[in-house]
A.B. asks: 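To start, I am sharing the structure in question, which I have written as structure tokens.
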Amino acid sequence: AIDNRPYTANTGRLWGYCDCLSPGMQPGLERPSQEFLFQAPTPTAPALNSTIPVDLDTGNIANIKFEWEHPTPANGYELWIAKDKDFSQIVIQKSIIPDTPIVPKWTLLYPEKSNLEAGENYYWKIRVNRNAYYERGEGPWSGTMSFSLATKPTQQPVQPSTSLLT
């Protein structure tokens, strides 16, 4: 107690507070290791082997929302999208600063403008490149996830009904 008085249920309680999410050091706590701060994220969306829809009216591919989990808040990530599992045909390399480090996510707007093609399969992975202390580095890659883009609808010619003509 600050004033050396006993604290009981009748006279009040002493509360302790520890902000576990801010990067500032807390009294009595050690700084987390670099391995902990840069460990691999866990991808959650798009889910493994999911299909991204195409708008039936316009034929445009829907925006793709990427989400992942990380045990500590991180302030920067690197996301890769490729046409193959080995990432030798990379289509997108993106540095991401999440709006909120607690729930990291990123949305790819207008996928057609990013060289993604309808009807194709893609693979993605992510890693931390800036930890909660804003230190740069390269953590290990997450596991690889895959998704496919639906095929664009084709315009079928309308066949006149023969029953109406007779």
Side-chain angles (χ1 to χ4, degrees), residues 1-9 11-53 60-117 120-149:
I2 296 171
D3 56 10
N4 292 327
R5 291 186 308 179
Y7 286 85
T8 65
T11 62
R13 290 189 168 87
L14 179 64
W15 289 86
Y17 174 76
C18 177
D19 181 358
C20 300
L21 298 176
S22 74
M25 292 302 296
Q26 303 294 325
L29 296 179
E30 290 185 27
R31 179 187 165 123
S33 68
Q34 289 295 93
E35 291 78 24
F36 182 73
L37 293 171
F38 281 96
Q39 64 186 297
T42 303
T44 57
L48 187 61
N49 300 323
S50 62
T51 301
I52 308 302
N60 293 333
I61 302 167
N63 294 337
I64 305 171
K65 186 175 182 181
F66 293 88
E67 297 178 346
W68 57 94
E69 296 175 351
H70 196 259
T72 64
N75 290 297
Y77 295 91
E78 184 177 1
L79 182 135
W80 286 13
I81 301 173
K83 290 185 175 185
D84 63 320
K85 292 180 189 178
D86 298 326
F87 288 84
S88 62
Q89 299 177 47
I90 297 169
V91 180
I92 295 175
Q93 285 180 283
K94 178 73 177 169
S95 285
I96 299 167
I97 299 172
D99 292 335
T100 170
I102 308 302
V103 185
K105 61 187 169 196
W106 176 69
T107 301
L108 174 61
L109 303 174
Y110 310 109
E112 297 91 354
K113 294 181 181 180
S114 300
N115 298 324
L116 298 185
E117 300 172 21
E120 296 293 324
N121 296 322
Y122 294 94
Y123 300 87
W124 71 283
K125 62 184 179 179
I126 191 154
R127 68 179 169 188
V128 174
N129 66 6
R130 193 177 329 172
N131 68 19
Y133 296 90
Y134 293 92
E135 297 167 334
R136 294 191 180 275
E138 291 182 346
W141 286 107
S142 68
T144 300
M145 299 289 276
S146 64
F147 64 93
S148 61
L149 302 178

A.B. asks: Which value, rounded to the nearest 0.5 Å, describes the distance between Arg31 atom CZ and Phe36 atom CZ?
C.D. replies: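 Output value for this atom pair is 12.5 Å.
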A.B. asks: Let me check something: any side-chain donor-acceptor pairs from residues 139-149 under 3.5 Å, sequence neighbours excluded? List them with distances.
C.D. replies:
{"residue": "Ser142", "atom": "OG", "partner": "Ile126", "partner atom": "N", "Å": "3.0"}
{"residue": "Ser142", "atom": "OG", "partner": "Ile126", "partner atom": "O", "Å": "3.3"}
{"residue": "Ser146", "atom": "OG", "partner": "Asn49", "partner atom": "OD1", "Å": "2.7"}
{"residue": "Ser148", "atom": "OG", "partner": "Thr51", "partner atom": "OG1", "Å": "3.3"}

A.B. asks: Where do Ala45 and Trp124 come nearest, in terms of heavy atoms and distance?
C.D. replies: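 So the minimum-distance heavy-atom pair works out to O-CZ2, 3.2 Å.
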A.B. asks: Which heavy atom of His70 sits nearest to which heavy atom of Tyr77, and what is that distance?
C.D. replies: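 Of all heavy-atom pairs spanning His70 and Tyr77, the closest is CB-OH, 3.6 Å.
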A.B. asks: Between Glu78 and Arg136, is there a salt bridge with N-O shorter than 4.0 Å?
C.D. replies: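 Here Arg136 does not pair with Glu78 in a salt bridge, since their nearest N and O are not under 4.0 Å apart.
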A.B. asks: Could you walk me through whether Lys83 and Glu120 pass the side chain to side chain contact (heavy atoms under 4.5 Å, CB included) test, one step at a time?
C.D. replies: CA-CA 8 Å; Lys83 290 185 175 185; Glu120 296 293 324; 5.8 Å; no
A.B. asks: Measuring from Glu67:CD to Thr44:OG1, what's the distance to the nearest 0.5 Å?
C.D. replies: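 The OG1 atom of Thr44 is 5.0 Å from CD of Glu67, to the nearest 0.5 Å.
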A.B. asks: Can you tell me how far apart CH2 (Trp68) and NZ (Lys125) are? Round to the nearest 0.5 Å.
C.D. replies: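 Reported value, rounded in 0.5 Å steps: 15.0 Å.
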A.B. asks: Any side-chain heavy atom of Leu79 sitting closer than 4.5 Å to one from Phe66?
C.D. replies: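 Yes, at least one pair of side-chain atoms sits under 4.5 Å.
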A.B. asks: Using residues 88-117 as the side-chain source, report each donor-acceptor pair under 3.5 Å to any protein atom, sequence neighbours left out, with the distance given to one decimal.
C.D. replies:
{"residue": "Ser88", "atom": "OG", "partner": "Asp84", "partner atom": "OD2", "Å": "2.6"}
{"residue": "Thr100", "atom": "OG1", "partner": "Ile102", "partner atom": "N", "Å": "3.4"}
{"residue": "Glu112", "atom": "OE2", "partner": "Ile61", "partner atom": "N", "Å": "2.3"}

A.B. asks: Tell me whether the rings of Trp80 and Phe87 are parallel (<30°), tilted (30 to 60°) or perpendicular (>60°).
C.D. replies: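 Geometry flag for Phe87 against Trp80: tilted rings.
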A.B. asks: So, using side chain to side chain contact (heavy atoms under 4.5 Å, CB included) as the criterion, who are the partners of Ala62 when residues are at least two apart?
C.D. replies: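 Per chain and number, Ala62 pairs via side chain to side chain contact (heavy atoms under 4.5 Å, CB included) with Ile52, Pro53.
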A.B. asks: If you measure from CG on Asn75 to CD on Glu135, what distance do you get to the nearest 0.5 Å?
C.D. replies: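 Atom-to-atom, Asn75:CG and Glu135:CD are 10.5 Å apart.
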